[in-house]
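In what follows, every heavy atom counts, from backbone to side chain, and hydrogens, waters and symmetry copies are set aside.
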Amino acid sequence: AEDTKLKRKVALKFLPERVSMDATELKRFEYEAQSAAALNHPNIAHIYAFEEVNGQSFIAMEYVNGKELRELIEDGELAMEQKMDIAKQMAEGIRAAHAAGIIHRDIKPDNIILRSSQLEPVLLDFGAVKETMGTVVSESQNPTKSVVVGTPGFMPSEQSVGRPMFNSDLYALGLVGILALTGKTPQEFPSDPNTGNLVWRPEVPQITPSFANVLECAIQSHPRDRFASAREMREALDSNAGVPATVVSSPQANSLPATQVSHPPSTPATAYPTTPPTKTGM
């Protein structure tokens, strides 16, 4: 669409008509849209306005001229160095969102567009746009309502029951990196029966140990075993020495998956709170 006042091209995202919202829910969505609109980062699509016309709510946002990351992966257009650079930039964008108290909740290749000019990744679609109410079973076996946002395969277990944490986004980013390297979705990999972690490293024998360790740390099943923050993940990607959380595996690193992640005494694992921040993303 065109913004006739500011003479610029924009993208419009409409709330699906099947989504019915009462006044409280609509107010919450508008608040979350405002929170996401406050983000100002080159790796996050800018949100310009939240409008309602004839009862139809929509968001006007930055139009990104480029290709989806999934399309570039399928076409085999990205070199290893470019894939690592995309991971670094995405970690920076996620760090900006987390600093504002916003969890994206739906990071996947379809929600990342690379600008045609310089292959700069831009993150789209914060979670509340596609928010649905899902029924989950509590520990007492009683069904309860919980907000579940995300895409199966790219969200960790805590998010699948409506309790996303900051490093739930890092889990998804790690899986996006693995998809970029292998061309396979998370569902296509077997899992280690002892840890539940994906067995993916044999698919990429040419990967550097440090890059592999970063991705392995990001996708650990338990939140406490992942990176403590997007900043830590970015720093690990920048470091040739590997990651703060050292992945311990057999000597045949290219043929067997890592089975344990341990933190050295100088960098203890940071456990996340059991409740998400008060603001979750649009």
Measuring only between side-chain heavy atoms, which start at C-beta, is Lys108 closer than 4.5 Å to Thr151?
yes
Note, Gln159 side chain near Met165 side chain (heavy atom, < 4.5 Å)
no
In Leu114, Ile113, Leu119, the residue satisfying side chain to side chain contact (heavy atoms under 4.5 Å, CB included) with Leu69 is Leu114
Met61 vs Leu124 side-chain heavy atoms within contact, under 4.5 Å
yes
Evaluate the criterion side-chain contact (heavy atoms from CB on, under 4.5 Å) for residue pair Glu158 and His222; output intermediate values, then yes/no.
CA-CA 9 Å; Glu158 73 274 3; His222 200 290; over 6 Å; no
For the residue pair Phe227 and Asn167, establish whether any side-chain heavy-atom pair is separated by less than 4.5 Å.
no
Is the CZ atom of Arg70 crowded by more than 12 outside heavy atoms at less than 6.0 Å?
yes
Please name all residues satisfying side-chain contact (heavy atoms from CB on, under 4.5 Å) with Arg115, sequence neighbours left out, ordered by chain then number.
Glu62, Val64, Ser117, Gln118, Glu120, Val122
State, to 0.1 Å, how close Gln220 and Tyr171 come at their nearest heavy-atom pair, and which atoms those are.
O-CD1, 3.8 Å
Quick one: side chains of residues 76-83, donor-acceptor pairs under 3.5 Å with protein atoms, not counting sequence neighbours, listed by atom name and distance.
from, atom 1, to, atom 2, distance (Å)
Glu77, OE2, Lys67, NZ, 3.4
Gln82, OE1, Ala79, N, 2.8
Lys83, NZ, Ala180, O, 2.8

With Glu52, which residues qualify under salt bridge (Lys or Arg N to Asp or Glu O under 4.0 Å), at least two apart?
none
If you define the side chain from C-beta out and look only at heavy atoms, does anything of Asp125 sit under 4.5 Å from Lys13?
yes
For Ile107 and Phe154, what are the C-alpha separation, side-chain angles and deciding distance, and is it a side-chain contact (heavy atoms from CB on, under 4.5 Å)?
CA-CA 7 Å; Ile107 295 171; Phe154 287 93; over 6 Å; no
Any Ile219 side-chain heavy atom under 4.5 Å of Asn197 side chain
no
Which heavy atom in Leu175 sits nearest to a heavy atom in Pro186, and how many Å separate them?
CD1-CG, 4.0 Å
Could you tell me whether the side chain of Arg8 and the main chain of Asp3 form a donor-acceptor pair under 3.5 Å?
no
State, to 0.1 Å, how close Ala100 and Leu39 come at their nearest heavy-atom pair, and which atoms those are.
CB-CD2, 3.6 Å
For Ala212 versus Arg201, what's the shortest heavy-atom pair and its separation?
CB-NH2, 3.5 Å
List the atom of Thr185, the atom of Phe189, and the distance in Å for their closest heavy-atom pair.
O-CD1, 3.5 Å
Quick check: does any side chain N or O of Ser239 sit under 3.5 Å from a backbone N or O of Glu235, one acting as donor and the other as acceptor?
no
Going by heavy atoms in the side chains, are Val10 and Tyr48 under 4.5 Å from each other?
yes
Cation-pi check for Tyr63 against Lys9: NZ or CZ below 6.0 Å from the six-membered ring centre and within 45 degrees of the axis, yes or no?
yes
For Glu92, run the side-chain hydrogen bond (donor to acceptor under 3.5 Å, both in side chains) check against Arg95, Lys88, Gln89 and tell me which one passes.
Arg95
Determine whether His98 and Ser229 make a side-chain contact, defined as any pair of heavy atoms from C-beta on separated by less than 4.5 Å.
no
Closest non-hydrogen atoms of Asp169 and Arg105, given as atom of the first, atom of the second and distance, are OD1-N, 3.0 Å
Separation of Ile86 CD1 from Asn43 CG (nearest 0.5 Å):
10.5 Å
